[in-house]
Amino acid sequence: VFRMPQFVPSSQSAKLSRWLVKAGEEVTTGTLLCETEVVGLSEDHPGATTLEVETHESGTVMTLLVSEGEIVDVGTPLAVVCENSADVDTLDVHKVLLLPDDGAGFAWQAYLKNKGAPSCGS
């Protein structure tokens, strides 16, 4: 289960701006899953900041649970990704959503979406 990450310790919620994957699509480690919008990311970014979020898992996107534009709490299930594509047709999403949060939400990698941002060595 891919949950809304907590981008900074003080964040309670974020907006899912746009999905970058579709149900049924194969993803691998590093695939960008969605764009999110967070307010008050840092002192340098006090307003809304768009972040691209990637997965650290590989598998098939079974279902997208949140619509674009929705604001959801940190930890809210956003999508279900199956490691084995053969399980997509037989997996019960409702049972999967009842599994406890493993606390890995903060581990999802996010990147500022700013094409003009300097990179290392610039």
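Here the structure is a predicted model, which is why all the values come from computation and not from measurement. Nothing fancy with the numbering, it's 1 onward along the sequence.
One finds the CZ atom of Phe7 at 10.5 Å from the OG1 atom of Thr49 (value rounded to the nearest 0.5 Å). Considering CD of Glu25 and OG1 of Thr60, their distance stands at 10.0 Å, rounded to 0.5 Å. A distance of 8.5 Å separates OG1 of Thr29 from CD of Glu54, quoted to the nearest 0.5 Å. With rounding to the nearest 0.5 angstrom, the CD atom of Glu68 is 7.0 Å from the CG atom of Leu16. Note that the CD atom of Glu52 and the OG1 atom of Thr36 stand 9.5 Å from one another [nearest 0.5 Å].
When side chains are defined from C-beta on, Thr55 does not count as touching Phe2, because their heavy atoms never get closer than 4.5 Å. Looking only at side-chain heavy atoms (C-beta outward), Val27 and Val61 come within less than 4.5 Å of each other.
A pairwise comparison of heavy atoms in Leu64 and Ala79 identifies CD2-CB, 4.0 Å as the closest pair. The two residues Trp19 and Leu33 make their nearest non-hydrogen contact at CE3-O, 3.4 Å.
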Distance-only check: which donor-acceptor pairs under 3.5 Å involve side-chain atoms of residues 70-78, not counting sequence neighbours?
{"from": "Glu70", "atom 1": "OE2", "to": "Ser67", "atom 2": "N", "distance (Å)": "2.9"}
{"from": "Thr76", "atom 1": "OG1", "to": "Asp73", "atom 2": "N", "distance (Å)": "3.4"}
{"from": "Thr76", "atom 1": "OG1", "to": "Asp73", "atom 2": "O", "distance (Å)": "2.8"}

Derivation of the side chain to side chain contact (heavy atoms under 4.5 Å, CB included) call for Leu32 and Val53: CA-CA 6 Å; Leu32 293 175; Val53 182; over 6 Å; no
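Not counting sequence neighbours, the partners of Ser17 by the side-chain contact (heavy atoms from CB on, under 4.5 Å) test are Lys15, Glu35, Glu37.
At least one donor-acceptor pair closer than 3.5 Å links the side chain of Gln6 to the backbone N or O of Ser11.
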